[in-house]
Amino acid sequence: MSVKLLSETPAGAIAIHPISATEWEGWAAGQSEAVANWARRNRFAAEPGSQLLLPAADGGLAAVLVGVDAAPDLWALAGLPATLPDGDYRLARDYPAAVATRLATGWLLGGYRYTRYKAPKSEPAAALAVPGAELAEAREVAAAVALARDLINTPAEHMGPAELAAAAEALAAEFGAECRVLVGDELLAANYPAVHAVGRAAARAPRLIDLRWGAATAPKLTLVGKGVCFDSGGLDLKPAAGMRLMKTDMGGAATVLALARLVMARQLPVRLRVLVPAVENAVAGNANRPGDVLATRKGLTVEIGNTDAEGRLILCDALAEADAERPELLIDCATLTGAARVALGPDLPALFSPDDALAENLLRHGVAEADPLWRLPLWAGYAKWLDSPIADLNNVAESSGAGVGGAIVGALYLQRFVTATPAWAHIDMGVWSDADRPGRPKGAHAMALRALDALLVERFGG
């Protein structure tokens, strides 16, 4: 990424002036008549997201005006790297350290491009000095977001279970963590039968990725991520439109790996464990069938009402293992249901938790970090919709709940496998945006990552 942050302000750096709409008239009154006239001619009024280049007498660039909110958020400067000429810039305004750091982070995110298969038409190549910003913090957050985006953006051809495991192993090597990967029939020997059942039909063997880091005596933090590298729907085959973006079905895994990166980079005093069941939900003669009954790690039997509800099947084995250790905090991230997107749209992941304090804290951090979530209930009245006449439970609602409350039903299914850990949060996320916004180009979207990071820093210190 050629967009950079400068630790010192070089001579000749071009000033960037963040101005809110309420400040604009006062600011303009203090400028030369030439500047005021130029702004009027260009109809600049400091609306958030707007920008104006001020020309120098020699034809160069004298300064940049950018409209921001009165309390600028992470994205306030994110549109600049893609539009400014190459060069060195400085933020010509002092902000508190936390705000300055967010602005610096947004600047870096504004330079993100996914370029593995196609060279960009233009490459942002600007550097910014931000007074008071914690540059290392901004760089770490931007690197974690880029990791999640890169993993999600990569097509399934090059991001299967083996490649996802390799990404986890590379992360472990970078930070001195341990990473064990169970492959294929090793899952059966280690008692992860549901993970194996979902992934066995694919030409690429299923895996269970198990990353551990930190002192054994530290508080346990466990992250679980859904790693369905491609979801055809199985024998309950998806239509073509529904399959188009299924490379993103490992977005939960990408999110927890990116979050793990931040935990380790910050040296948080925790015993971190990351569990990622990585599979491809494919069609073959040995695929699990509607009506089959699967064993699970917890010992519960599950009737398959729909093979396209495979994410909860692989997660339930991983969650059972995580729950058995009774961590102080257990978080799972998953592109679990389309119902969450129907309810909340593409920008808001659904949050489920039996722990009110945990949920409220995460929602608070989401607002502060411009990374919002929306809480939905673990409504016990719908639990009976998962009843099965021949197994302990069904993987979908096949009775009165069919077709409604899907995100809640999915969360209730997972809750059956988390019985010993009170502090548990399940995040049902979308991880993809068709909109093209400053700092958030069309494509992978690292949802809830910064909110979760802030929660962990507050809870565990760092």
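We count residues from 1, following the sequence as given.
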Would you find a donor on one side and an acceptor on the other, under 3.5 Å apart, between the side chain of Thr307 and the backbone of Gly233?
yes
Between Asn395 and Gly305, is there a donor-acceptor pair closer than 3.5 Å when you use the side chain of the first and the backbone of the second?
yes
Does Arg116, at its CZ atom, have more than 12 non-hydrogen atoms belonging to other residues, nucleotides or ligands within less than 6.0 Å?
yes
At what distance, to the nearest 0.5 angstrom, does CH2 of Trp213 lie from CD of Gln267?
4.5 Å
Candidate pair Val302 and Tyr413, rule side chain to side chain contact (heavy atoms under 4.5 Å, CB included), full reasoning
CA-CA 10 Å; Val302 179; Tyr413 174 93; 3.4 Å; yes
Does any part of the side chain of Arg149, heavy atoms only, come nearer than 4.5 Å to the side chain of Pro441, both counted from C-beta?
yes
Pair Glu140 + Arg266: basic N to acidic O under 4.0 Å
no
Check against side chain to side chain contact (heavy atoms under 4.5 Å, CB included), Arg341 and Trp432:
CA-CA 11 Å; Arg341 254 67 66 216; Trp432 187 266; over 6 Å; no
For the student: nearest non-hydrogen atoms of Leu330 and Ala322, plus distance:
CD1-CB, 3.8 Å
Taking the side chain from Arg375 and the backbone from Ser353, do they hold a donor-acceptor pair closer than 3.5 Å?
yes
Closest non-hydrogen contact found for Pro219 with Phe460 is CB-CE2, 4.0 Å
Can you confirm whether Arg326 is buried at CZ, in the sense that more than 12 heavy atoms of other residues, nucleotides or ligands lie under 6.0 Å from that atom?
no
List the steps and the verdict of salt bridge (Lys or Arg N to Asp or Glu O under 4.0 Å) for Arg312 and Asp428.
CA-CA 11 Å; Arg312 64 199 66 181; Asp428 189 340; over 6 Å; no
Please tabulate, one pair per line, all N/O donor-acceptor pairs under 3.5 Å involving side-chain atoms of residues 96-110, not counting sequence neighbours.
{"from": "Thr101", "atom 1": "OG1", "to": "Ala97", "atom 2": "O", "distance (Å)": "2.7"}
{"from": "Thr101", "atom 1": "OG1", "to": "Glu134", "atom 2": "N", "distance (Å)": "3.0"}
{"from": "Arg102", "atom 1": "NH1", "to": "Ala368", "atom 2": "O", "distance (Å)": "3.3"}
{"from": "Arg102", "atom 1": "NH2", "to": "Glu369", "atom 2": "OE2", "distance (Å)": "3.2"}
{"from": "Thr105", "atom 1": "OG1", "to": "Thr101", "atom 2": "O", "distance (Å)": "2.8"}
{"from": "Trp107", "atom 1": "NE1", "to": "Lys4", "atom 2": "O", "distance (Å)": "3.0"}

With a 4.0 Å cut-off, would you call Arg297 and Asp323 a salt bridge?
no
Shortest non-hydrogen contact from Leu211 to Ala172?
CD1-CB, 3.9 Å
I would like to know whether Ile152 and Met250 meet side chain to side chain contact (heavy atoms under 4.5 Å, CB included); could you show each step before the answer?
CA-CA 7 Å; Ile152 298 165; Met250 40 62 69; 4.3 Å; yes
When rounded to the nearest 0.5 angstrom, what is the spacing between CZ in Arg212 and CG in Asp210?
4.5 Å
Before giving the answer on side chain to side chain donor-acceptor pair (under 3.5 Å), spell out for Asn394 and Trp385 the whole-Å C-alpha distance, their side-chain angles and the decisive distance to 0.1 Å.
CA-CA 8 Å; Asn394 202 306; Trp385 292 354; over 6 Å; no
Would you list the pairs meeting salt bridge (charged side-chain N to carboxylate O under 4.0 Å, His left out) in which at least one residue belongs to residues 226-235, sequence neighbours left out?
Lys226-Asp249, Lys226-Glu310, Asp231-Lys238
Salt-bridged, Arg273 to Glu321, with N to O below 4.0 Å?
yes
If you look at every heavy atom in Pro346 and Met447, which pair is closest and at what distance?
O-CE, 3.5 Å
Search all heavy atoms of Leu164 against all heavy atoms of Cys229 and return the closest pair with its distance.
CD2-SG, 4.0 Å
Looking at Asp387 and Lys384, is there a salt bridge between them, counting it only when a charged N and a carboxylate O are closer than 4.0 Å?
no
If you round to the nearest 0.5 Å, how far is CH2 of Trp75 from CZ of Arg440?
5.0 Å
Heavy-atom check, side chain of Val418 versus side chain of Asp332, under 4.5 Å
no
Note, Leu313 side chain near Ile304 side chain (heavy atom, < 4.5 Å)
yes
Hey, does Leu300 have a side-chain heavy atom less than 4.5 Å from the side chain of Leu393?
yes
Less than 3.5 Å apart, which donor and acceptor atoms pair up between the side chains of residues 188-200 and the rest of the protein, not counting sequence neighbours?
{"from": "His196", "atom 1": "NE2", "to": "Asp185", "atom 2": "OD1", "distance (Å)": "2.9"}
{"from": "Arg200", "atom 1": "NE", "to": "Asn286", "atom 2": "O", "distance (Å)": "2.6"}
{"from": "Arg200", "atom 1": "NH2", "to": "Asn286", "atom 2": "O", "distance (Å)": "3.4"}

Taking the side chain as everything from C-beta on, heavy atoms only, tell me whether Leu147 gets closer than 4.5 Å to Leu151.
yes
One should read off an interatomic distance between Leu5 CG and Leu91 CG, to the nearest 0.5 angstrom, of 11.0 Å
Should the pair Glu458-Arg364 be classified as a salt bridge under the 4.0 Å nitrogen-to-oxygen rule?
yes
Distance-only, no hydrogens or angles: does the Thr248 side chain make a donor-acceptor pair with backbone N or O of Gly251 under 3.5 Å?
no
Is there a side-chain contact between Ile209 and Glu169 (heavy atoms, below 4.5 Å)?
no
Steps toward side chain to side chain contact (heavy atoms under 4.5 Å, CB included) verdict (Met429, Leu449):
CA-CA 11 Å; Met429 50 181 47; Leu449 175 60; over 6 Å; no
Using every non-hydrogen atom in the two residues, find where Ala423 and Glu328 come nearest and quote the distance to one decimal.
CB-O, 3.3 Å
Between the CG atom in Leu412 and the NE2 atom in His426, the distance rounded to the nearest 0.5 Å is 9.5 Å
CE of Met243 to CG of Asn281: how many Å apart, nearest 0.5 Å?
10.0 Å
Hey, are the side chains of Arg261 and Phe175 touching, using non-hydrogen atoms and a 4.5 Å cut-off?
yes
Do Leu171 and Met264 have side-chain heavy atoms sitting under 4.5 Å apart?
yes
Answer yes or no: is there an ion pair linking Lys298 with Asp392, defined by an N-O contact shorter than 4.0 Å?
no
